[in-house]
Structures are given as C-alpha cells and as structure tokens.
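Below: the structure, in structure tokens.
Read the numbers this way: they start at 1 and go in the same order the structure lists the ligands and their atoms.
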Amino acid sequence: MSKVRVVCGHDCPDMCSLLAEVEDGRITRIQGDPEDPYTAGFACAKVNRDMETVHSPDRLRTPLRRTGPKGSGQFAPITWDSALDEITTRWKAIIAESGPQALLGYAYSAHQGQMNRRLVGGLFHALGASRLQAGTVCDTCCETAWDLTLGPVGGTDPESVVHSDLVIAWGCDLMAVNVHFWALLEKVRRTGVKLVVIDPRRSQTAARADWHLPIRIGTDAALACGIAHILLRDGKLDRDYIAANTLGFDRWAAEVLPDFPPARVAGITGLPVEDVERLAAMYGAAKASLIRLGEGMTRLARGGQALRAVATLPALTGAYGREGGGALLLAAASMDFRFGFVAKPSGPETSRMVNHLALGEALEEMADPPIRGLFIAANNPAVTNPDVNRLRRALTREDLFTVVHDPFMTDTARYADIVLPATTYLETEDFYRSYGSYRMQYAPAAVPPQHEARSNFRLAQELGQRMGLTDPAFTMAPKEIVPHFFRGATGIIADVDPAQVFERTVKVKPPAAQDFRTPSGRLEIWSEALAQQGVPAMPVWQEDAAEAADAARWPLRLLTAPGYFQAHTAYAASPFLRRREGAPCAILHPQDAARRGLADGQRVRLFNDRGAVGLVLKVSDEVQPGVVLVPGQRPDSEAVNGTVNMLCDERRTDIGEGACYQSTFLDIAPWTATEAA
Ligand SMILES: Nc1nc2c(c(=O)[nH]1)N[C@H]1C(S)=C(S)[C@@H](COP(=O)(O)OP(=O)(O)OC[C@H]3O[C@@H](n4cnc5c(=O)[nH]c(N)nc54)[C@H](O)[C@@H]3O)O[C@H]1N2
Ligand SMILES: Nc1nc2c(c(=O)[nH]1)N[C@H]1C(S)=C(S)[C@@H](COP(=O)(O)OP(=O)(O)OC[C@H]3O[C@@H](n4cnc5c(=O)[nH]c(N)nc54)[C@H](O)[C@@H]3O)O[C@H]1N2
Ligand code: SF4
Ligand SMILES: [Mo]
C-alpha cells in the first residue's frame, strides 16, 4: 500500500490536501491530510467516497461514435486515433468554410487544477473560436458585483476568523459548501463569538447558528440598506473609515437610505421589525465582524444589487480595516497568477462571446456564422444550465458537430456525435490554488488514467498539436508550466518560490486591512461604471417587474440550494452518496402541502410555463410558506421525471449576466404519469 498526497480537484472553496491510499493500482481510501492545517485531517463526506467514482463500473472505457439519432444515447466504440482524426478533420473543414468563430469550446470547473481547467479554453482561444463567457451559470453575478464595489481583490482571509468578534453567514450554507471554514468557526464559537445566518432556508448551518433570520428570497439588498439606515440613525458609523475609504456614502445616505426605515424593511424581507433592529445593533456593536457571503442569493434578477449592498456594510463600521473583519466572497483575485500561459496561449485579442448560461440560445440563434462545432468538457449543461429543454432541443441540430469529454455518459454526452473518456482529478497531476482561501499546492496523480481515459490537459495538447498550434503550452509537461504561472506575478504571491508548491501547501496572507482596487481606489458605494450601464449606481432594493408579474400568476417561488451529498452531478456515480442524498426532491412548507392535499413522500409534479418535472415531495418547515426548495441538480435518470432546470429560463441578472434560477415561479400538484412532460 502506498500513500499519495494529492489535492481535491472538485469545485469547492476548501481545496483540501488529501492522502490517497493506493493498493494494486486502486484507491482504497481517501483522507484529509493531517499535516495541512486548514484541511485538518478530514475530507468531506462526498470526497471520502471518491474511489467509488474513480473505479465506478459506469466509467466510459473508450471513445465512442454516435450510431443512433442525436440524444438517443446509441454509440459504438472507436479508437482514440480515429476519434481525434475525425474531430480535427471536421474542425478544419468548419474553419475553412465558416471561419473559426463557428467553433465553440465549452468547458467549466469540474477539474480545479489550473492546467486541466484552463488549457481546454486555451485551445479554443488560440484557434480564434467563439469565446465562452464562462461561469455565468455560477458566480459571474456576485463576482462582477464584488469587483464593482471593492475591485478585483480577494476578501478576508477565512483563517483570520480567529480574530473576528461576530460572524454572519449571509446566504451561505457553510456546512454544505465550506466545511473546513465551518470546522474552524466551530472552534471560534466556543470562545463566545456568535454566528448569525441569513438564509430563506433553515439549512443545516442555520439550524446550528446562534440566530437564524429566514429572509424572503431576493430581499437581501433591502435588509442591508435597512441596517445602514439604522447605523446612520443611531450614530454607529465609523465616520473616519468611511471618509478615507469609500466613495459616494453621503449621496447614498441622502438619496437611498431614507427609503429603508425598519418598518418598510420588515415588510419587504418578511422579518419582524425587532429582528431588523436587533441585527443592526449587533452589527453596529461589533468591531471585527466577518460576513461570509454566499453566491446563492445572487442567482436571481437583482442579485448584483444584493451583493453590493451587503458587501458595503463592513465599510460602515470600519470592519474592513481590522484583522478578522470584513467580508469574504472569493479569495482568488488577490493571487495574481499568470494563467494566461495556458488560458490564452495565442489567438486574437477579441472574439464573439457566448454566454455560458445561454448555450441553447447561442446554438439556436447565432448566425454569421452559426455555431457548427461544439466541444463540451467538465460540464454537464443538459442538467445544470437553465432552460435545459431548449438546450436539449438545440443539441439535436443535425448540422451541429458535438464532442463531449467526460468520465461518464452524462445527459449531455448523450447528445454528442463523439464522446471521449476523461480522467478524474485523481488520475492527473496539476497545480491548484484555492478560490476560498489563500492557499496553493501541486499534486501528482494517485492512480494512472483508468481504461483509455485521457486528461483534459493531455487532450487539449493533442488537439492543439493536430490543429497545428505551436504555443509551448501544447507541448510542455505540467511541472514545467508551473513556474510560468509565477513569472511576473505581483502582490501577495510575488515572493512565493514556485519550487515550494511541489512540497506542500503554500499559504499566503492578504493584508489585514482590506484593500480596494476600484477606479477610485476606494469601496465604491457609487459606481460610475454602473451609472453608465443604466443600472442603479448605488446599492438599492427595487422590485423586479418580471418577477412581480410571475409572482402574481404563480403561488410558489423556487429556492435552489446545494445538496449535502451531491454537488450538481459531480458525485452522481457514487451509489453511497446517491442514497445519502435521497431521491431528487422538492421541499414544501406544511401549510402549502396541506392546501394542496399533498403528503410527505408523495410523487409531485412541479410546473410552470416552461415545463414540468416529477420529484418526490418532502414536507418540512425548513422553508417558509410560498417557497419550494429543490436541492441540487440531479440527472433525469434519478428523478421521477426530468430535472429542475427545465423550469428555469435563460434570463440574466442585473449585473454580470448571470443565471436567475431563483427568479422562477411555479406550482405543485400530485404526479400523474399521464401528465409527464
Ligand atoms: N455540498 C456541495 N458543495 C458545493 C456545491 C454543491 O452543490 N454541493 N457547489 C459548489 C459550487 S459549484 C459552488 S459555486 C460553491 C458555492 O455554492 P452555492 O450554491 O453558491 O452555495 P451557497 O453560497 O451556500 O449559496 C446557497 C445558499 O444561499 C441561500 N439563498 C438562496 N437564495 C437566497 C436569498 O435570496 N437570500 C439569502 N440570504 N440566501 C439565499 C440558499 O438557501 C443556500 O443556503 O459551492 C461548491 N460546493
Ligand atoms: N437550478 C440550479 N442550477 C444550477 C445551480 C443552482 O444553484 N441551481 N448552480 C450552478 C453552479 S454554481 C454551477 S458551478 C453549475 C455546475 O454545473 P456543471 O459544471 O455542469 O457541474 P457538474 O454537474 O458537476 O458537471 C461536471 C461534469 O464534469 C465531469 N468531470 C469531472 N471531472 C472531470 C474532468 O477532470 N474532466 C472532464 N472532462 N470532465 C470531468 C463530471 O462527470 C460531470 O459530468 O451548475 C449550475 N446550475
Ligand atoms: S471539502 Fe471541498 S475541497 Fe475538501 S474534500 Fe470536500 S469537496 Fe474537496
Ligand atoms: Mo458554481
């Protein structure tokens, strides 16, 4: 038996250092690395089972070529050589006839290693293909809103929570998505520090908090403006900090905050007025309060305003200026790596952009040239994108040549012309940097590629070479590339010796006081960039007209949240985790269930104008009346029928053009097979 020190490659802010035990070429056990202080010796419940995924009998074994109609899932095995020949012959013909913009590389975050993640994009960048505006399905709304407020900088170091005197998990289910921060926070709480959770759902985190405020979906900006209103009213502002470090406060105080007295805020958020007052008083009294910001609250029409309003609060009390105080959304932007070496090896400065969330629209509507060649990797959009009915229809276009690279035959891969077997992260070597903490590490493969699987990195290199690309990134070994990521890097990683990352986790430290990298160098309450775009330039809550119209027609609103034992479809191959997560379900408040005569455990039909899906009902007061919670996004084969994103549309958020899953309104009825979508 050997032990290999690896890094978890899943899309998760924790970036754990792991020990994989290997016997006879098989991983037998995965543990958290006890020598890494942040991982602290434990992996999460999901990754403890990753050997089931690596050695799953359902792994794709060889490349496959379509033999039946698109989407039918009928394929026959072919060799790698013939697959690569066919792909590059087709791509060259498409480029010759329609130009490179008729190609689209569509890859996302299932492998967090920087080479496996980015070289696929780099291949299409170098080819001059249409360019993916990646991450709009995930975090572009919150990230863009953050950047417009603080600039492209990371937030508070999560490990500095030991200096915090109050922690607010604002729309963030720490026990689902950030378990190592949670573990550290548990220690801090034993010293008397309070945890407040602001979340429409009584999540596992909320249930264990000192105080849970079950806010109405999409009203966080109103609550934040209400807190600011009370701090101003009660003279609890850090006037010196505001004067030195913010832009536009006086105008906000004069033009916006008067509209958010506690009584109105209570009406909008559904929280009692005393709770709004108490929260503001607590926040105003704390010196080093830390807000851990979630992404979930920004996946709706006015998500950008919500993020900006909440991210402004730590400036009002001066918490941004103190160690342990401030806010954390993402950490990555403060680590100035030169990933362009693989992400943009060559290619034109600009190209036509395709919004990640609107692949259906792009495939159906883009012209001059239409997208004719599509390459999807590390992404399962036929389940995880909004409006998957439209996307699936678009993927059946006969004149579209689709290649999917994945370890499994996913709902997306079924629509491919050619399917290529991918490795998992445990079969690859790569360099990792966390997006939720200030750490980095290199990892070797724990086991060789299974069956005939090839890594994203190897595949991108092979395709690049066959397409005639000569950039060094298409021939170099991963280890040789690492130093290029550091070359010319500035700021907190400037002094890191790349040789260190091969040995262990390297931790860097952002300055104790938050820095701001906006055009003004201050936290921009007033954003000139937003003013130019016709978006409110100061954080504000406003009712969204389209949401209000839908809310008038439909009695329920969709709340979507991460699963505890499933993250999107990344762990769908583990029978243990599927069982632990349970059947794909919809969670409804007892009042709403009773009104419809629905019982716990019953099959139900969720429906609206866009479609219908069949799920199993759970009746629980963990959600408020008027809300239906669907945890995770699960493959069709696990559900009664369909997948939740059949109900969501391709609408974009106010800032960052992100997905609006939660701007979805619907109703529930008993499931009857004849009504199947
Ligand atoms: N176990 C698990 N881990 C994961 C994932 C997973 O699916 N499962 N996903 C991974 C990925 S891809 C990402 S991007 C990250 C982050 O994953 P995210 O999905 O962004 O998770 P959170 O940041 O916790 O945000 C979700 C929380 O926001 C709450 N919420 C929803 N709407 C509102 C609202 O209007 N206001 C407020 N205040 N709260 C609201 C939800 O109830 C939920 O508790 O996690 C990663 N880790
Ligand atoms: N309704 C609703 N929809 C959502 C969300 C929501 O909150 N609500 N959250 C959104 C968010 S935050 C995100 S990030 C997206 C995530 O959406 P996706 O990126 O589609 O995430 P997964 O379903 O995990 O799909 C990852 C795929 O990559 C494959 N894979 C794993 N490792 C590798 C590898 O090394 N190489 C290759 N080639 N493939 C690999 C897996 O088998 C899987 O098929 O979903 C979004 N969709
Ligand atoms: S907590 Fe996150 S980084 Fe750590 S093992 Fe689990 S998925 Fe991986
Ligand atoms: Mo995400």
Side-chain angles (χ1 to χ4, degrees), residues 7-16 18 30 32 39 42-48 50 53 107-113 116-117 120 135 137-139 142 169-174 176-180 197-201 203 205-206 213 215-220 223 292-300 303 306 310 357 376-386 404-408 410 412-413 420 422-425 427-428 434 436 455-456 459 558-573 629-633 635 643-645 647-648 659 661-662 664:
V7 175
C8 177
H10 289 287
D11 187 340
C12 172
D14 291 13
M15 199 202 84
C16 288
L18 304 173
I30 294 171
T39 304
F42 76 95
C44 65
K46 307 181 299 292
V47 167
N48 279 329
D50 261 354
T53 299
Y108 199 48
S109 62
H111 193 313
Q112 287 286 322
N116 279 284
R117 178 169 186 183
V120 181
V137 294
C138 171
D139 61 5
C142 55
W170 199 311
C172 188
D173 188 357
L174 299 169
V177 304
N178 205 183
V179 294
H180 292 84
V197 171
I198 300 171
D199 196 310
R201 170 195 194 188
S203 62
T205 309
L213 291 104
I215 192 170
R216 193 171 283 151
I217 301 172
T219 63
D220 301 272
L223 182 58
R292 176 64 171 88
L293 280 157
E295 303 179 3
M297 68 160 162
T298 64
R299 297 192 187 114
L300 39 79
V310 179
L357 74 89
I376 301 179
N379 201 187
N380 190 6
V383 177
T384 55
N385 268 28
V404 175
H405 181 227
D406 202 288
F408 294 96
T410 60
T412 305
L420 301 172
T423 50
T424 66
Y425 72 95
E427 301 149 61
T428 64
S434 171
S455 69
N456 305 2
L459 176 58
L558 179 69
L559 176 63
T560 161
Y564 292 104
F565 296 95
Q566 291 288 324
H568 319 291
T569 67
Y571 303 88
L629 165 64
V630 178
Q633 306 89 50
T643 189
V644 62
N645 278 326
L647 304 174
C648 304
Y661 310 104
Q662 300 199 128
T664 301

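- Formation of a donor-acceptor pair under 3.5 Å by the N645 side chain with backbone atoms of V383 is found in this model.
- Not one N or O of Y425 is nearer than 3.5 Å to an N or O of ligand 2, by distance alone.
- Ranking the protein heavy atoms by distance from atom 30 (N) of ligand 1 puts P200 CD, 3.8 Å first.
- Within the 4.5 Å cutoff, no side-chain heavy atoms of C8 are placed close to those of D14.
- The protein heavy atom nearest to atom 46 (C) of ligand 2 is Y661 OH, 3.2 Å.
- Closest approach of A572 and Q566 over heavy atoms only: N-OE1, 3.3 Å.
- Of the heavy atoms in H180, only side-chain atoms (C-beta onward) come closer than 4.0 Å to ligand 3.
- Counting only heavy atoms of the protein, atom 47 (N) of ligand 2 lies nearest to T384 O, 2.7 Å.
- Contact atoms of ligand 1 toward P562: 6 (C), 7 (O), 8 (N), 19 (O), 21 (O), 26 (C) (distance under 4.0 Å to a heavy atom of the residue).
- The contact set between ligand 3 and C44, taken as ligand atoms under 4.0 Å from a residue heavy atom, comprises 1 (S), 5 (S), 6 (Fe), 7 (S).
- Within the structure, ligand 1 has G563 among the residues with a heavy atom less than 4.0 angstrom away.
- Each of the following atoms of ligand 1 lies closer than 4.0 Å to a heavy atom of C138: 14 (S).
- The protein heavy-atom contact nearest to atom 37 (C) of ligand 2 is N456 OD1, 3.4 Å.
- Looking from atom 9 (N) of ligand 1 to the surrounding protein, the closest heavy atom is H568 NE2, 3.1 Å.
- Residue M15 approaches ligand 3 through these ligand atoms, each under 4.0 Å from one of its heavy atoms: 3 (S).
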Walk me through it: do T412 and D406 pass the test side-chain contact (heavy atoms from CB on, under 4.5 Å)?
CA-CA 9 Å; T412 305; D406 202 288; over 6 Å; no

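- Closest of all the heavy-atom pairs between Q633 and H568 is OE1-ND1, 2.6 Å.
- Closest to atom 36 (N) of ligand 1, if we only count protein heavy atoms, is D220 OD2, 2.7 Å.
- Evaluated by nearest non-hydrogen atom to atom 25 (O) of ligand 1, the leading choice among G296, A570, S109 is G296.
- Below 4.0 Å from some heavy atom of Y571 lie the following atoms of ligand 3, by number and element: 7 (S).
- Backbone and side-chain nitrogen or oxygen atoms of L300 are examined, and none is located within less than 3.5 angstrom of a nitrogen or oxygen of ligand 1.
- Looking at atom 22 (P) of ligand 2, its nearest protein heavy atom turns out to be T569 OG1, 3.4 Å.
- Taking every heavy atom of Q566 and a limit of under 4.0 angstrom, the matching atoms of ligand 1 come to 8 (N).
- Considering both main-chain and side-chain atoms, A561 never comes within under 3.5 Å of ligand 1 through any nitrogen or oxygen pair.
- At least one N or O atom of G218, backbone or side chain, sits closer than 3.5 Å to an N or O atom of ligand 1.
- When all heavy atoms of A659 and P386 are compared, the pair lying nearest together is CB-CG, 4.4 Å.
- Using a 4.0 angstrom heavy-atom cutoff, C648 does not count as in contact with ligand 2.
- With a 4.0 Å heavy-atom cut-off, ligand 3 is reached by no atom of T39.
- Looking only at protein heavy atoms, the nearest one to atom 10 (C) of ligand 1 is D11 O, 3.3 Å.
- With ligand atoms numbered from 1 in the order given, ligand 1 contributes 24 (O), 44 (O) to contacts under 4.0 Å with heavy atoms of D173.
- In this structure, N116 does not count as a contact residue of ligand 2, since none of its heavy atoms falls inside 4.0 Å of the ligand.
- Distances shorter than 4.0 angstrom do not occur between any heavy atom of F42 and any atom of ligand 3.
- V383 does not count as a contact of ligand 2, since none of its heavy atoms falls under 4.0 Å from the ligand.
- Here is the list of ligand 1 atoms found below 4.0 Å of a heavy atom in A567: 2 (C), 5 (C), 6 (C), 7 (O), 8 (N).
- Taking every non-hydrogen atom of I215 and a distance limit under 4.0 Å, the qualifying atoms of ligand 1 come out as 38 (N).
- Around atom 23 (O) of ligand 1, the closest heavy atom drawn from K46, M297, E295, H10 belongs to E295.
- Contact detail for W170 and D220: the closest heavy-atom pair is NE1-OD1, 2.7 Å.
- Atom 31 (C) of ligand 2 has A110 CB, 3.6 Å as its closest protein atom, hydrogens excluded (heavy atom only).
- Nearest to atom 4 (C) of ligand 1 among the protein's heavy atoms is V177 CG1, 3.6 Å.
- Closest heavy-atom contact between L558 and I217: O-CD1, 4.0 Å.
- The shortest N or O to N or O distance between D199 and ligand 1 is below 3.5 Å.
- Closest to atom 39 (N) of ligand 2 by heavy atom, among A573, S455, A378, is A378.
- Considering backbone and side-chain N/O of T560, none are found under 3.5 Å from N/O of ligand 1.
- Taking backbone and side chain together, C16 holds an N, O or S atom under 2.8 Å from atom 4 (Fe) of ligand 3.
- For atom 38 (N) of ligand 2, the closest heavy atom belonging to the protein is H405 O, 2.9 Å.
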Full working for side-chain hydrogen bond (donor to acceptor under 3.5 Å, both in side chains) between D50 and Y425
CA-CA 10 Å; D50 261 354; Y425 72 95; 2.6 Å; yes

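- With Y661 contributing its side chain and V137 its backbone, the two residues share a donor-acceptor pair below 3.5 Å.
- Distance from atom 3 (N) of ligand 1 to its nearest protein heavy atom, with residue and atom name: A176 O, 3.3 Å.
- The distance from ligand 3 to the heavy atoms of V47 drops below 4.0 Å at these ligand atoms: 5 (S), 6 (Fe), 7 (S), 8 (Fe).
- When non-hydrogen atoms are compared, ligand 1 lies under 4.0 Å from the side chain of L559 (C-beta onward) but not from its backbone.
- Among protein heavy atoms, atom 29 (C) of ligand 2 sits closest to D406 OD2, 3.1 Å.
- Ligand 2 has no N or O atom lying under 3.5 Å from any N or O atom of T410, backbone or side chain.
- Residue N645 touches ligand 2 through its side chain alone, judged by heavy-atom distances below 4.0 Å.
- Comparing Q662, R216, Q633, R299 against atom 20 (O) of ligand 1, the shortest heavy-atom distance belongs to R299.
- Protein heavy atom in closest approach to atom 15 (C) of ligand 1: Y435 OH, 3.9 Å.
- If you number the atoms of ligand 1 from 1 as listed, the ones under 4.0 Å from a heavy atom of G171 come out as 22 (P), 23 (O), 25 (O), 26 (C), 27 (C), 28 (O), 37 (C), 38 (N), 39 (N).
- Interface of I217 with ligand 1, defined as ligand atoms under 4.0 Å from a residue heavy atom, comprises 35 (O).
- Taking atom 35 (O) of ligand 2 as the reference point, the nearest protein heavy-atom neighbour is T423 O, 3.2 Å.
- Listed by number with element, the atoms of ligand 3 under 4.0 angstrom from any heavy atom of V179 are 1 (S).
- Not a single N or O atom of T219, backbone or side chain, sits closer than 3.5 Å to an N or O atom of ligand 1.
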